[in-house]
Trainee: 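This is the structure I have questions about; it appears just below.
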Amino acid sequence: MGGIGKTALAVEAAHRAWEKGWIPGGTLFVDLRGYDDDPVTADQAVLALLDALGVRDQDLPPTTERQYDAYRALLAERRDRTLLILDNASDPAQYLPLLPGTDRHRVLITSRDRPDSLGVRLIDLETLAPGDSVALVTRALHDSDERDDRPAREPGALRELTALCGYLPLALQIAAGMLRRRRHRGIASLVADIRRTGDPADVLDRGSPGTDLYGRSLVLRPVLETSYRRLPADQARLLRLLCLAPGPETGTDAVAALAGLDMECALSLLEDLAATHLVTSVRSRNGTSSAVRWRVHDLVRAFGVGVVAGDAGLREEGEAARERVLGFYYRWADAANDRLRWFPGMVEPERFADRGQAFAWLDSERAALVATAMWAREEQYADTAVMLALRLGEYLDWRRYFDDWVTVSRTAQEAAHRAGDRRSEAAAWTNLGMALRAVGRVEEAIDAHNRDLDLCRTAGDDHNEAVAWCNLGIALQEAGRAEEAIDAHNRARDLFRTVGDQHNEAVAWSNLGLALQSAGRVEEAIDAHNRALDLFRGTGDRLREAMAWNNLGIALRMVGRVEEAIEAYGKDLEICWEFEDWFGAGQTLENLAYAHEHADCPADARDCLLQAADAYTRADAPTEAAQARTRAAGLPE
């Protein structure tokens, strides 16, 4: 893309090749100005090349055809290998006539476009790595003033600045120039200016220090504008809309929904945009076109958003596109959520044949889904975005993305409250309470579940009131208020039985058993867990059957029935492996280790703990994995 440092790299390569003796004939350099309003033609460039080769004035052939003949003849006669740099080309017609007629010499062409139809070697340049970006700015400041210690004093601000520049060399170069001018101000001041406007290009262009070593103006927006203006109308439209997409990457099917196009048309346009380096394709795991993801550089995104914001017609087009992609994400998140909650007897969800497919889609789209759920803050998208946020709870809990869960649940609750949608608000309080409990904010969770309870009671909604009691009971138990938890779970169980919800009655029995254990009433707990187990088997919910086996194992171990406990844990573990519930498997293996220790089998306990560590690692729970390994290290082999 523009500003990536193509010219600087080509010139540096030429210097190094000269130093190594690879090009004893030296370098010929022509700036074709391919993205200016008046690009250099091949006919104009050949005159400059002849001049560099010493052919000028009266020696210059009178016709263009003879000028090309003279140029090629000189290169053919030139015994020393020469490097020809044809810089900043926008069209093959600018450089194809300039190629030497011999393979003795070398040619390096820089362009923002991929000439895929030509048999040339293509080298795509990416933005700099974060560490290299920091090094670039640091060196630029030190080269100007070796006493400039701001990079050492403000490493965090420097990292943030390079990120705001999108690690683009041109933006970094401008930022370094601005910092040199602001020698008495900190790096954080420039970061604050960019954050305040939300448009790095605007801030950097206003403070640009002038020109670079090649005499080119150090400005970002014209670089982006020239690339954008050259696009055909359909590509320009897709680029604008893609800049409005949520998340850093977007799948092909989501882009198609965003633009209101079929998949093939969207894919073709995206490939064209990728050839101009305004869009980057991200390799997918399965290699299918529907799974290809597309990324827009942050500065291009900010530019595109600005283009849309500056035109009423484009704003209307953008709002319609956002509505479409929001509907797309809600539809498939709803289907994926249904699959995660599915058990035999329920209606088969669309699209996702199994939990693995649902998780794969949710994993790939997580950043975009969370970003889209945050659109609930905007009134025109609030209703669907709130529903989307509510559909993400099961997934975010399962994958342990608790911070995301808190964020989207809080946003959904606030949006539903503003809209006066008490039913959705109650559901959002439910999710928020569970998310807060997952991050250890138990008192806040209790408050959230009480708010949910009040809304359900006011609405006369017995079923959701039972759910609220259930969640409140769990939070009370975690807060050490076991007797209050027992009362809450009894209320939940009775209400579920009244409304005929056998599945959730089983959940209530399971939670009641845990609360009874906390209160020291273990025999009652064993009875509660057995009741839960029977009900879960009856509904076919294998996942919660596993949970019930685990809970029963804990209670049995507490009363010394160790062999029965080991058997219960084994049944739980089989189901965890079946569903790839790695975190649950880790917990069960830890419990199984306790049981083996009680049975005076330390070697078996150690083996279970090592397996638990592996399971926790697969669940991305490094703290739990480390704790399991530490426990294992203290046991004999």
Side-chain angles (χ1 to χ4, degrees), residues 1-4 35 90 112-114 126-127 163-168 170-171 174 194-206 219-261 265-282 292-326 328-329 367-368 371-372 374-375 378 380-381:
M1 63 179 288
I4 203 75
Y35 301 92
S90 62
R112 301 180 197 176
D113 298 279
R114 289 177 59 94
E126 301 291 338
T127 53
L164 289 170
C165 290
Y167 310 115
L168 185 71
L170 175 58
I174 297 172
I194 296 174
R195 287 284 186 203
R196 187 162 48 250
T197 65
D199 186 350
D202 181 60
V203 175
L204 295 174
D205 284 353
R206 282 191 284 108
V219 282
L220 278 169
R221 193 171 300 280
V223 170
L224 301 173
E225 285 175 347
T226 54
S227 294
Y228 173 71
R229 285 200 307 267
R230 288 172 54 83
L231 295 174
D234 53 356
Q235 292 181 36
R237 173 181 179 270
L238 186 62
L239 179 65
R240 290 193 304 270
L241 298 183
L242 188 53
C243 290
L244 303 177
E249 298 173 1
T250 311
T252 305
D253 49 0
V255 176
L258 183 75
L261 301 171
C265 183
L267 182 59
S268 178
L269 289 174
L270 286 164
E271 289 169 340
D272 290 339
L273 286 171
T276 66
H277 293 92
L278 289 169
V279 170
T280 302
S281 61
V282 182
V292 174
R293 305 187 65 74
W294 305 89
R295 180 187 300 132
V296 179
H297 190 276
D298 289 347
L299 295 177
V300 176
R301 184 184 296 275
F303 170 79
V305 169
V307 169
V308 172
D311 183 283
L314 297 183
R315 286 198 300 274
E316 184 176 342
E317 176 188 66
E319 289 165 2
R322 292 180 73 195
E323 288 277 9
R324 286 193 297 269
V325 80
L326 174 57
F328 166 85
Y329 279 127
T372 308
M374 302 304 287
W375 290 357
E378 302 177 53
Q380 67 193 99
Y381 308 116

Trainee: My understanding is that only residues two or more places apart in sequence, or in another chain, count here; which of them pass side-chain hydrogen bond (donor to acceptor under 3.5 Å, both in side chains) with R301?
Mentor: none
Trainee: Heavy atoms only: give me the nearest H277-M1 pair and the separation to one decimal.
Mentor: O-CB, 3.2 Å
Trainee: Report the distance from atom OH of Y329 to atom OG1 of T250, rounding to the nearest 0.5 Å.
Mentor: 5.5 Å
Trainee: Ignoring hydrogens, what is the shortest heavy-atom contact between V223 and R112? Give both atom names and the distance.
Mentor: O-NH1, 3.0 Å
Trainee: Rounded to the nearest 0.5 Å, how far apart are OG1 of T226 and CG of L231?
Mentor: 10.0 Å
Trainee: Using a 4.5 Å cut-off on heavy atoms from C-beta on, say whether the side chain of R230 contacts that of D113.
Mentor: yes
Trainee: What pairs with R206 under side-chain hydrogen bond (donor to acceptor under 3.5 Å, both in side chains), at least two apart in sequence or on another chain?
Mentor: D202
Trainee: Which atom names give the shortest non-hydrogen contact between T372 and A368, and what distance separates them?
Mentor: OG1-O, 2.6 Å
Trainee: Please list, chain by chain and in numerical order, all residues satisfying salt bridge (Lys or Arg N to Asp or Glu O under 4.0 Å) with R324, sequence neighbours excluded.
Mentor: none
Trainee: Hey, does the side chain of T252 reach the backbone of V292 with a donor-acceptor pair shorter than 3.5 angstrom?
Mentor: yes
Trainee: Within the 4.5 Å heavy-atom criterion, are E225 and F303 side-chain neighbours or not?
Mentor: yes
Trainee: Does D205 reach the side chain of P222, with side-chain heavy atoms less than 4.5 Å apart?
Mentor: yes
Trainee: Quick one: CG on D253 to CZ on R293, what's the gap to the nearest 0.5 Å?
Mentor: 8.0 Å
Trainee: Under 3.5 Å, is there a donor-acceptor pair between the side chain of R237 and the main chain of A259?
Mentor: yes
Trainee: Hey, mind stepping through Q380 and R322 against side chain to side chain contact (heavy atoms under 4.5 Å, CB included) and telling me if it holds?
Mentor: CA-CA 10 Å; Q380 67 193 99; R322 292 180 73 195; 5.8 Å; no
Trainee: Can you measure from CG (L314) to CD (E319) and round to the nearest 0.5 angstrom?
Mentor: 11.0 Å
Trainee: Could you state the interatomic distance from CD (E316) to CG (D311), rounded to the nearest 0.5 Å?
Mentor: 10.5 Å
Trainee: When rounded to the nearest 0.5 angstrom, what is the spacing between SG in C243 and CG in L278?
Mentor: 8.5 Å
Trainee: Any side-chain heavy atom of Y228 within less than 4.5 Å of one from T276?
Mentor: no
Trainee: Does L168 reach the side chain of D298, with side-chain heavy atoms less than 4.5 Å apart?
Mentor: no
Trainee: Decide side chain to side chain contact (heavy atoms under 4.5 Å, CB included) for L164 and V203; before the verdict, give the C-alpha distance in whole Å, the side-chain angles of both, and the deciding distance to 0.1 Å.
Mentor: CA-CA 11 Å; L164 289 170; V203 175; over 6 Å; no
Trainee: Above 12 or not: heavy atoms from other molecules or residues under 6.0 Å from CD of E378?
Mentor: yes
Trainee: Run through L299, D199, L204 and flag the one making a side-chain contact (heavy atoms from CB on, under 4.5 Å) with R221.
Mentor: D199
Trainee: With the side chain counted from C-beta on, respond yes when W375 and V325 share a heavy-atom pair under 4.5 Å apart, and no when they do not.
Mentor: yes
Trainee: Looking at every non-hydrogen atom in both residues, tell me the closest pair between P200 and A302 and how far apart they are.
Mentor: CD-CB, 4.4 Å
Trainee: Given side chains that start at C-beta, do those of H297 and T280 come closer than 4.5 Å, heavy atoms only?
Mentor: no
Trainee: Looking only at non-hydrogen atoms, find the nearest pair between L258 and A245 and report the distance.
Mentor: CD2-CB, 4.1 Å
Trainee: How far apart are the closest heavy atoms of G318 and L241, and which atoms are they?
Mentor: CA-CD2, 4.1 Å
